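For reference, the structure discussed in these notes is given below.
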Amino acid sequence: MTFKILLDEIHSNIQKIIEQLKLPETLFVVEPAKSNFGDVMCNVSFLLSKHLKKKPYDVAQIISDKYQPFLGNLVEKVEAHPSGYINFFANYSHLNGIILKSSMSDNYGFLDLGHKSKIVVEHTSVNPNKALHIGHIRNIIIGDTVARILRKTNFDVRVLNYVDDSGLQVADIILGVTKLGLSKKPPKGKKFDQYYGDEVYVKTTEEYSSNQDLEKTRQKILQDLEDTDSEIAKLGNEITRDVLKAQLDTCWRLSVFYDCLNFESQIIRSGLWTQVFEKMKEMKLVELQQEGKNAKCWIIKGENNEEDKVLVRSNGTATYIAKDIPYAAWKLGLLPDPFNYAQYSIQDNGKILWETTLDESQESKQDFTGDKVITVIDSRQSRLQKIITKLMSQFKSDKKSYVHLSYESVTLSSAAAKQLGIDSVGKQTQMSGRKGFYVNADSVINMLTTKAFTETHNRNLEMNDESVNQIVRQIVVGTLRYEMIKQDLDKIITFDFVKSLSLEGDTAPYIQYTHARSAGILGKAGFDPNFETTFELLKNPFEISLIKEIGKFELHILDAVNNFSPKVIARYCHILAVAFNAFYEHVKVLDDKNESIKNERLCLVKSFQLTIQKALGLLGISAPEQM
RNA sequence: GGGCCCGUAGCUCAGCUUGGACAGAGUGUUGGACUUCUAAUCCAAUGGUCAAGGGAUCGAAGCCCUUCGGGCCCGCCA
């Protein structure tokens, strides 16, 4: 608790004043002020001015007068501003120590909002027939970042990745390798996911348009896939698992980790659908159409003018959304768990990645359900997700237990499209996996790696390649993750090979660089700063503003969690880095002859370093000591 | 026809949940700062009818309505 203590102190004091003056209850706001207007501002005078029939400024004066007895602890001065705001000036001789000392704790920024409650985050969930593209990366990074933030706020987080290993896209690649003579094994040096996505899937899709007879073959394969013991199903299982492994390699390169893999084929065979379908019938959430275009289908009625949604076809088979419903219910723990669990692998973060299985397993039963479920899927699926959200709210007393975390897609700039051989006449374009028109995630990582290597090598000519590469990895992961998270979820990201891969300006390397600068100072100082001091010597504007930003860490975490808004943390990292750079340019830490000042400044540098590490950590970004 | 999202500086975006103080960054352009704790940096200048119109309010970029412009979705595909 740091800057928040200051806000809480002021809030409760104003509350007392309102009671003293017998004023009506008011939902006033106490928040950090803009620069030049003190440290904290309060809008209470605007809200009370009507009731008191006075100008906001006059109310502000009354309240600031009444506030005088409360001064002396964390607030040094209070001022009624002619605009009507009440501005508070912090007592930094107290606050400095509180902030700097608490920032030394490993727990700094930790907030207990979740009380260890179980929460599921599902993300990635890419069909296992192709390589990840830059659009998938946005999903993955959003999901992973949200999971990290939830962990920091004491939720018991379980991260799931849903693998759609049955269905048409899988039938397509099987058709490619069994009927079109395409090799089952990728050529040497080509990743499994890239081979299947770029070659097999694209070529098979092309073939459909010229060869109508293939449609029957496709349907036959789709049918065979349902029968676990068939040769086709075995082949399908083999291929999708190889593709999945290759996809996961890409995710792991970006420091993204999971707790459990769910396979659609198993959900289908588990019988969960029948259970949830019966429940929906009982609750009269579905109805069997007798006539009309959906005759003999089970449907969910569309709300206000929206089309009805078919769940079960007239031939008795379930549609896509009908597979999602049992999965959603399973994630919320609404159905008995039919699965056993097996270890898929041990990930680089040291954690086991589990997978569900319907076979016997030596491993003990696991629990990957949550009281709350967050499903990260792009906005194009909003309608389906809306239906599922509504259904879940009818199944569960907590109406907000199922959350569709929606985000806009990634498109390609016209320049990027052109590089891929498409003339989009100056407009941005949607990617298409089917057409093989997309920016591959691995290739972006590789391009960034080349670029970052050149930059890093040129700046550190004496450094060996191994050390350079270690730094490069951190820069690459940081750059890509930051680029995917820094803007709001409802904004389209237009990917551009030049702009999106920049290492300057508002980017991860900028922030990482400030970290390296702080590490440089601490390294050269040659001694560990001593925090047993009053920090009263830190009072120039650059020091104060840096301390202030460090103190606001938890306010931003609170904001990020309450609004499921990971970009808040990215913006905080940037603000913090800007504050440090200003300090760095204007305050020479090591030059000062006064050892006490030098020590306190080194404490500040240390405090900054630890805080930016933690903040970047929430984004899955690590920071090098040297760049 | 119905639904969702976006529109703020040349470009990319914060700010909108909780209405009030000169609308902020990055990038671009122009100029400046490296014998100094790392110039992936910093400083300065430049740049805005907050898409348009209306409404409620003492007060709107923000709330409500309408219009315009752009994107996405609406299958017995997944």
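Every chain is numbered from 1 and lettered A, B, ... according to where its sequence line falls, protein lines coming before strand lines. Owing to the predicted nature of the structure, the values given are computational and were not obtained by experimental measurement. The analysis underlying the following values was restricted to heavy atoms, covering all of them including side chains, and did not include hydrogens, waters or symmetry mates.
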**Study point:** Criterion side-chain contact (heavy atoms from CB on, under 4.5 Å) on Val376(A) and Glu122(A), from CA distance to verdict
**Key:** CA-CA 6 Å; Val376(A) 184; Glu122(A) 183 214 324; over 6 Å; no

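Rounded to a whole Å, the CZ atom of Phe542(A) is 11 Å from the C1' atom of C43(B). For Tyr208(A) and C77(B), the OH to P distance is 15 Å, given to the nearest whole Å. For the pair Lys588(A) NZ and U36(B) P, the interatomic distance rounds to 10 Å; values are reported in whole Å. In this structure, Trp273(A) atom CH2 and A78(B) atom P are separated by 12 Å, rounded to whole Å. Rounded to an integer number of Å, the gap from CD of Gln61(A) to P of A21(B) is 19 Å. As a whole-Å value, the separation of Ile575(A) CD1 from G15(B) P is 11 Å. Separating the CD1 atom of Ile485(A) from the P atom of U12(B) is a distance of 21 Å, rounded to the nearest angstrom. C72(B) atom C1' lies 15 Å from atom NZ of Lys386(A), rounded to whole Å.
Between the CG atom of Asp193(A) and the CD1 atom of Ile239(A) there is a distance of 13.5 Å, given to the nearest 0.5 Å. Separating the OG1 atom in Thr217(A) from the OH atom in Tyr208(A) is a distance of 8.0 Å, to the nearest 0.5 Å. With rounding to the nearest 0.5 angstrom, the CD atom of Glu600(A) is 11.0 Å from the CG atom of Asp592(A). To the nearest 0.5 Å, atom CZ of residue Arg434(A) and atom OG1 of residue Thr205(A) are 5.0 Å apart.
Counting atom types as modelled, Asn36(A) pairs no side-chain N or O with a base atom of A21(B) as donor and acceptor under 3.5 Å. A donor N or O paired with an acceptor N or O is not found under 3.5 Å between the base of C5(B) and the side-chain atoms of Ser379(A).
Contact check of residues 511-521 of chain A against RNA chain B (heavy atom, cut-off under 4.0 Å) returns Tyr513(A), Ala516(A), Arg517(A), Gly520(A), Ile521(A). Near RNA chain B, meaning a heavy atom under 4.0 Å away, the residues from residues 288-296 of chain A are Lys293(A), Asn294(A), Ala295(A). Heavy-atom distances under 4.0 Å link RNA chain B to Asn563(A), Lys567(A) of residues 558-570 of chain A, given in residue order. Annotation: proximity of residues 25-34 of chain A to RNA chain B (heavy atom, distance under 4.0 Å) is found for Val29(A), numbered in ascending order.
For Phe28(A) and His11(A), the gap between ring centers is short of 6.0 Å. Ring pair His81(A)/Tyr85(A): centre-to-centre distance not below 6.0 Å.
For Tyr584(A), the listed nucleotide lying nearest its side chain is A39(B); candidates were A78(B), G71(B), A39(B). Listed candidates were A21(B), G3(B), C72(B). Nearest to the side chain of Ser83(A) is A21(B). For Asp506(A), taking side-chain heavy atoms from C-beta onward, the closest of the listed nucleotides C11(B), A21(B), G26(B) is G26(B). For Asn581(A), taking side-chain heavy atoms from C-beta onward, the closest of the listed nucleotides C6(B), U41(B), U38(B) is U41(B). The side chain of Tyr85(A) approaches A21(B) more closely than any other nucleotide in the set A78(B), A21(B), G71(B). Considering only the side chain of Lys50(A), U57(B) comes nearest among C74(B), C76(B), U57(B).
Base pairing of A45(B) is made with U29(B), judged by Watson-Crick or G-U wobble geometry with both donor-acceptor distances under 3.5 Å. The partner of U36(B) cannot be assigned: no Watson-Crick or G-U wobble pair with both contacts below 3.5 Å exists in any strand. For C72(B), the paired nucleotide is G3(B), the pair qualifying as Watson-Crick or G-U wobble because both relevant distances are below 3.5 Å. Base pairing analysis places G53(B) opposite C65(B); the two distances defining the Watson-Crick or G-U wobble pair are each below 3.5 Å.
Here the options are Tyr162(A), Phe263(A), Tyr402(A), the test is ring pair (Phe, Tyr, Trp, His ring centres under 6.0 Å), and the partner is Tyr327(A); only Tyr162(A) passes.
Minimum heavy-atom separation, Ala508(A) to Ile621(A): CB-CD1, 4.4 Å.
For the pair Leu47(A) and Leu590(A), nearest-nucleotide mapping onto RNA chain B gives the more 5' position to Leu47(A). Each of Gln381(A) and Val589(A) lies near RNA chain B, and the nucleotide nearest Val589(A) is the one positioned closer to the 5' end.
Taking the centre and axis of the six-membered ring of Tyr584(A), the NZ or CZ atom of Lys588(A) falls inside the cone set by 45° and 6.0 Å.
The neighbour count for Glu25(A) CD, taken as heavy atoms of other residues, nucleotides or ligands under 6.0 Å away, does not exceed 12.
No side-chain heavy atom of Asp490(A) sits less than 4.5 Å from a side-chain heavy atom of Tyr407(A).
By the side-chain contact (heavy atoms from CB on, under 4.5 Å) test, Tyr513(A) pairs with Arg517(A), Met627(A), sequence neighbours left out. Here Tyr320(A) pairs with Asp324(A), Gln381(A), Leu384(A) under the side-chain contact (heavy atoms from CB on, under 4.5 Å) rule; sequence neighbours left out.
Dashed line: the shortest gap from a side-chain N or O of Lys491(A) to OP1 or OP2 of A14(B) is under 4.0 Å. For Tyr57(A) and C58(B), the shortest distance from a side-chain N or O to OP1 or OP2 is not below 4.0 Å. In this model, the phosphate group of C77(B) is approached by a side-chain N or O of Arg313(A) to a distance below 4.0 Å at OP1 or OP2. At least one side-chain nitrogen or oxygen of Gln487(A) sits closer than 4.0 Å to the OP1 or OP2 atom of C13(B).
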